[in-house]
Amino acid sequence: MGGLQKKKFERGSATNYITRNKARKKLSLSLPDFRRLCILKGIYPHEPKHKKKVNKGSTAARTFYLLKDIRFLLHEPIVGKFRDYKVFVRKLKRAYGKTEWSAVERLRENKPTYKLDHIIKERYPSFIDALRDIDDALCMCFLFSTFARTGKCHVQTIQLCRRLTVEWMNYVIASRSLKKVFISIKGIYYQAEVMGQLITWLVPYQFSHDHPTDVDYRVMATFTEMYTTLQGFVNFRLYHSLNLIYPPKLDSKAESQLEDEGAYAMNSESYLEKLSALSSSLARVVSSAEEEEAELDQFPVEGEDIEKMEAREKEQQQQEVQKKIFVGLKFFLNRESPRESLAFVIRCFGGEVSWDKSVCIGSTYDVKDETITHQIVDRPSIEKQYINRYYIQPQWVYDCVNAKILLPVEDYFLGVTLPPHLSPFVEEKDGDYVPPEKLKIMALQRGEKPANDEEEEEEEEEEDDEDDEEEDNEDEEEEAEEKNLKKMEQQRSQGKSLQVKVTPGKVKVENPERLEQEEKAEEKRLAIMMMKKKEKYLYDKIMFGKKRKVREANKLAAKRKAHDDAEKSKKKKARK
Amino acid sequence: MFPRAVMEGSSSENTRSEKIEKMKKVQEKSAKKKRSKEEQEEEEQKDVEVFIFNNKVSEEEEEEDGDLSDSEDSVFSGLEDSGSDSDEDDEEKEEKEEDNDEGLKEEQKQAQQEDEEEEEEEEEGVTEEKEDEYKHDSSDEEDIRNTVGNIPMEWYKDFPHIGYDLDGKKIYKPIRNKDELDDFLDKMENPDYWRTVQDKQTGSDVVLSDEQVQLVKRLQMGQFGDVNFNEYQPQVEFFSQDVMLHPVTNRPADKRSFIPSLLEKEKVSKLVHAIKMGWIKPRRDDQDTRGRYYDLWASEDTSILAKHKMHLPAPKIRLPGHHESYNPPPEYMFTDEERALWEQQDPADRKFPFVPRSFSSLRHVPAFPRFIHERFERCLDLYLCPRQRKMRVNVNPEDLIPKLPKPKDLQPFPTTQSLVYRGHTGLVRSISVSPSGQWLASGSDDGSVRFWEVCSSRCMKTIQVGGPVKSVAWNPNPSVCLLAVALDSAVLILSPALADRQVVSSSERLLSSQQETELMEGASIVTWSDAEGEELNQGIRLKIQHPKAVQQVTWHAKGDYLASVMPDHSSHLQVLIHQVSRRRSQNPFRKNKGLVQSVSFHPVRPYFFVATQRSVRIYNLVKQEMTKKLQANSKWISSMAVHPAGDHVICGSYDCRLSWFDLDLSTKPYKMLRHHKKAVRGVAYHRLYPLFASASDDGSVIVCHGTVYNDLLQNPLIVPVKVLRGHVITHDLGVLDVTFHPTQPWVFSSGADATIRLFT
């Protein structure tokens, strides 16, 4: 019966985790460096299942990392670079202290730097993995590209971010992969489908930032460092997948056009601006650029019936149509409309776009061009109007993209109250609240006339109301009966001399359907009583969620109704 | 180290002063040339005078202050070289001027004499190159009367003379017979007194001239002695940007400027070596590291993929809904209440991190103030949040509901309330149905026991027993008609005479037959007594007096034995079993095993069930031992019922549960039913149908179907079939007792609202 005494916390989950401080000590890094390393390598803490066991019996709040993760970090060459950098800073300080300027210069020249290529490759072993995670990178790059070039971060970073975002936008235009756009109060959301991955990014509005003080810009900068590297490699690969030249070059045709504009700025600087104008196509490696895509043959996948295949085909056709909704339209952007966003969206869907020369480089035609079909204006009225074009507000472009059809322009004329802008990311399931505007758009998509639709809706609503009322009535009847009975009972119990009186009874109309329903409902209720505790809990949770959804939908509907009623009464008053 | 530094300083100063001298000489020469053309003699004379007196006065002042030693020190240390130089300069000038004009006055020369002597002495140690200038010196013309030299004159204080003249004869002190008074008179009368000073060398008084006084004043004010001296003379730029024709120095170039330096050669060779060895690296191009991209995923190897199985990609940000639109539909805007709620809520609890806003056109949309914050929070989430793969249950809730046989198929069971028995004024604690199913007895807190006809809800009989009735139990033996009533600390046996005569007489016989054996139990704790008088008329036959309050009575299936419960923690005397036929009582337990809640006889076998707070004990009455202990898993058992077959027990508890025990299966409940919302007060089995019912404080009676199979392998099937409501909840009490009709699928319930209801 001998054997060693088993000690606590030397096996099991306690050995799989390591606290942050211990990890830091093991790597012999300072906390900021450790943080940087974690960000770059994508290491995140883990929550152990049994915190007390892992924490050696204590319940204090601690962050735990997997020991394996930390061991993995131990072999990272970047850790060495971090240490080098620490030494570098120390030496530099010393040189400054001794006022040895030559030494300072020498040290600065040999400032240790590192590359993140291997880390990117390691974190995203396949290209698709990288694409899947590109959302955050894009958001960050777009944010940093809007920063002013003072303080907060290096100018080079800002420039690099700008370059990468411009490249990305040019790619999306070239590949026509934009799917949805949404103007929110935060910024503009775009969603593109690149190689089967849905990629969503958010671009802030073009305003200068009020830099908050409670934000650690070092963390953001570290992320950006990683993201710019990732974004660069992804761009490279994407450009090459489309046979485009990387770094992007403008089409020779377009370039010559731009050259005509004369010296806008120094050549080297203006190239990025020309690219960021988004007005001309990019140069390709193979010059036969404008080739139409070969029509894909449909191969039925095994286990897929014809219906599904047809649906898929239809969907693809729809997508093709969506890709070309602006083909043949010529837009002109007034100077107050957001140029970059509109140009990006219009070009993504095949439209031609131009703007005033003074707004930005790269305008291709003038306001006076007779062939312009739409002019986008974001002001209440415009003085000089041409007769053969529509003057519309910018929301029209975005709504058309989301609806996948050209919406009627009447609702978007100047000075008209715009219809609500709906989020294209919401997909309503049955039971959810669908705003009436969405129903309208759906009807338009189906090819119905919009006028009838509203009436129908109203009718439907009315019917619903009636149903409700009926139910209410029935309930009330029952309640009344109950009351009568109770009264009688009371009379019987209290007054000993019962008033013997025969009243003619009502024939109770029995609704067989209703009875059946009730029976079923009771059955269900009784069955629910017999559920196991665990299942009951789950069931209750699910039902709670469902009920909450219904409640919310009802609330929204009620709000809408109240709003509409108010509007109607206002209109009536105005008429009188 | 320090003195050396001083030396160096002084030497450098020397050289500097030399330079300055040279410069001055040049200046003077040029000035002289000019003067020779223009100057007038008189002016020059004045100048000379001024210079002389300048020197003299300063010296006199020094002497008066007794600072002689200091000046000497400064002279020897060489610190005042420049000062002495300027003196020399003055002298030179003066001398040259003397050369120029010959008509110098004797007096002035005499005054100068001594000063110049001193100066010469000083100069001796400093410069030798200037000696040639002394060739034209006219100092020998000066009248030097005293030859003692530069010594402190107080050495001659005690002598009558103050020195020697050139011939070696004593110079006697001038006779000074001035006392204080004379001095004072002199002061008052002599207008030149204030400008009279004493020459220490000669001891004579000298009256200063106006010029001399003027000079003293100017010096005191820190100005130059010479009135006409221009402090800001035009400077000649020697070292300017213009390349001059001639070099500044005439020094030939060094040899080392022609031959290559060995030292440098050594240095260069060292650097070359370091470069060769790779110690010095060429400067890196910063452009290299940034922004140079290539096809990173050119060779995708799957080996790395396998490593990353454990890696969880970060969840994406939630996509925005209609709320976030810049122009949302009106129903998505906040009402005032919602907005107030949003503002009150903790930021973590809010449904949206922003308030929906609506703008009439795109140009009105401002920047989002928390944009950077939100991005930063996302960053924090990415590297600080533990990630977990959560299995989302995607269950259809309908699938969770167990498939049970439809209640329709399990009929008959009571479904509707058909009769209400009214008459009691207090809450009805207990009800019992006669074995024939014709009569219903009820005991209430109003102190009465009522007998009802089941079919008509008529109250047949009311017996006032004088105290709240805790429990009533009808004798299950169909051949007798007896009712046991628990009331305070007594158990009454009633003979309601609600049957045919034969039955009544047989029950009477049962009660009267054992009178002979009564004596045996005289020593017992309980006392049996016959009812008399009024009570007898009412139908009370027997009275069994207990030591404590009785909570429950129950009959054995045969109808001869009767058990009563007196719950008490501390006593072992909680349960008593009475034999009515023999009027005998016994206490079956010697030990107290918790608070007894209810007891029951096994319907067929000689077993006895005792329910305490948490468990049910089953005793074998023949063997007199405990056979089983059932754990009810509830806090406080309220009631218990035994299945007519005897293999199953249900227990209701105050914590809303009903537990079904299968005695053959386990001591743990086979099923816990949590159907009620409030405490379960009563449970009952039907004698014939597979039904059981539970009554609760929530005012409902739930009837369940409970089929028990003969096959041991098949577990009982329990299906709730009906929830019966009807009782009104009064004082938080709902239904207090429930019992089934012995033959029909009917259920009776008695409630706190003083009614008894029949559900059929």
Side-chain angles (χ1 to χ4, degrees), chain A residues 38-39 44-47 109 113 115 117 120-121 125-127 132-133 135 143 160 182-187 189 204-205 207 209 212 215 219-220 223 232-233 236-237 336 378 393-394 418 420-423 425-426 435 437 493 523 526-531 535 538-539 542-543 556 559-560 563, chain B residues 281 283 289-291 293-297 300 304-305 308 313 316-317 319-322 324-332 354 357 360-363 365-369 371-373 375-376 378-379 382-388 393 395 397 400-402 404 406-407 420 422 675 719-721:
Chain A
C38 285
I39 290 171
Y44 48 86
H46 281 255
E47 190 79 1
E109 270 167 21
T113 55
K115 276 189 165 187
D117 304 6
I120 299 289
K121 174 84 181 176
S126 72
F127 180 57
R132 221 175 273 151
D133 244 20
D135 280 21
L143 172 65
L160 185 63
F182 177 51
I183 322 172
S184 82
I185 50 173
K186 291 180 184 171
Y189 286 89
Y205 290 116
F207 292 104
H209 293 280
V215 163
V219 172
M220 300 256 279
F223 268 105
F233 285 120
F236 185 93
R237 175 95 177 197
E336 70 275 2
D378 198 5
Q393 301 196 35
L418 288 169
H421 180 63
L422 297 172
S423 165
F425 303 115
V426 181
E437 287 83 10
S493 57
E523 235 173 73
L526 291 171
I528 287 168
M529 289 203 306
M530 281 307 286
M531 275 164 94
E535 287 174 350
L538 184 62
Y539 180 83
I542 293 173
M543 292 319 274
L556 284 175
K559 258 167 115 180
R560 178 70 183 206
H563 181 263
Chain B
K281 280 164 198 150
R283 190 182 299 177
T289 49
R290 274 171 161 252
Y293 303 113
Y294 52 92
D295 196 354
L296 188 69
W297 292 281
E300 288 184 8
I304 315 174
L305 280 170
H308 279 254
K316 296 198 167 182
I317 286 189
L319 291 171
H322 298 316
E324 215 180 304
S325 169
Y326 87 105
N327 182 16
E331 63 267 31
Y332 288 97
F354 55 88
R357 296 178 71 187
S360 60
S361 65
L362 192 55
R363 69 174 183 278
V365 185
F368 188 63
F371 196 94
I372 295 178
H373 278 281
R375 214 51 264 148
F376 177 60
R378 169 73 180 168
C379 288
L382 284 178
Y383 88 97
L384 280 182
C385 272
R387 290 181 204 166
Q388 222 167 27
V393 261
V395 214
L400 290 173
I401 300 171
L404 293 173
K406 286 188 176 174
V420 183
R422 293 174 196 280
H675 299 166
V719 184
V721 287

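The shown structure was predicted, so the numbers you read here are calculated from the model rather than taken from an experiment. The sequence lines fix the lettering, A, B, ..., with proteins before strands; numbering per chain opens at 1.
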Peer 1: In terms of heavy-atom proximity below 4.5 Å to chain B, should Val215(A) be classed as side chain, backbone, both, or neither?
Peer 2: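 Backbone plus side chain of Val215(A), per the 4.5 Å heavy-atom cut-off to chain B.
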
Peer 1: Which atoms of Asp135(A) are under 4.5 Å from chain B, going by heavy atoms: the side chain, the backbone, both sets, or neither?
Peer 2: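 Contact with chain B is through the side chain of Asp135(A) alone.
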
Peer 1: By a 4.5 Å heavy-atom criterion (distance strictly below it), what part of Arg378(B) contacts chain A: side chain, backbone, both, or neither?
Peer 2: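 Side chain of Arg378(B) only, per the 4.5 Å heavy-atom cut-off to chain A.
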
Peer 1: For Leu556(A), is it the side chain, the backbone, both or neither that has a heavy atom under 4.5 Å from a heavy atom of chain B?
Peer 2: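 Both parts, backbone and side chain.
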
Peer 1: By a 4.5 Å heavy-atom criterion (distance strictly below it), what part of Phe371(B) contacts chain A: side chain, backbone, both, or neither?
Peer 2: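 When you check distances to chain A, only side chain atoms of Phe371(B) fall under 4.5 Å.
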
Peer 1: What part of Glu535(A) gets closer than 4.5 Å to chain B, counting heavy atoms only: side chain, backbone, both or neither?
Peer 2: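 Both parts, heavy atoms under 4.5 Å.
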
Peer 1: Taking the inter-plane angle between the rings of Tyr205(A) and Phe207(A) on a 0 to 90° scale, is it parallel (under 30°), tilted (30 to 60°) or perpendicular (over 60°)?
Peer 2: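 The arrangement is perpendicular - the two ring planes meet at more than 60°.
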
Peer 1: Is Gln393(A) close to chain B through its backbone or its side chain, or both, or neither, when contacts mean heavy atoms under 4.5 Å?
Peer 2: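 When you check distances to chain B, only side chain atoms of Gln393(A) fall under 4.5 Å.
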
Peer 1: Against chain A, label Tyr294(B) side chain, backbone, both or neither, depending on which of its atoms sit under 4.5 Å from a heavy atom there.
Peer 2: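 For Tyr294(B), the contact with chain A is made by backbone and side chain together.
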
Peer 1: Please state whether the side chain, the backbone, both or neither of Ile401(B) comes within less than 4.5 Å of a heavy atom of chain A.
Peer 2: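 Answer is both: backbone and side chain atoms of Ile401(B) are under 4.5 Å from chain A.
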
Peer 1: Is it the side chain or the backbone of Pro328(B) that comes within 4.5 Å of chain A heavy atoms, both, or neither?
Peer 2: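 Backbone only.
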
Peer 1: Report which part of Val395(B) has an atom under 4.5 Å of a heavy atom belonging to chain A: side chain, backbone, both, or neither.
Peer 2: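 Answer is both: backbone and side chain atoms of Val395(B) are under 4.5 Å from chain A.
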
Peer 1: Tell me, for Phe233(A) versus chain B, whether the close heavy atoms (under 4.5 Å) come from the side chain, the backbone, both or neither.
Peer 2: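 Backbone plus side chain of Phe233(A), per the 4.5 Å heavy-atom cut-off to chain B.
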
Peer 1: Could you tell me the separation between the CZ atom of Phe236(A) and the CG atom of Asp295(B), rounded to the nearest 0.5 Å?
Peer 2: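 It is 6.0 Å, given to the nearest 0.5 Å.
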
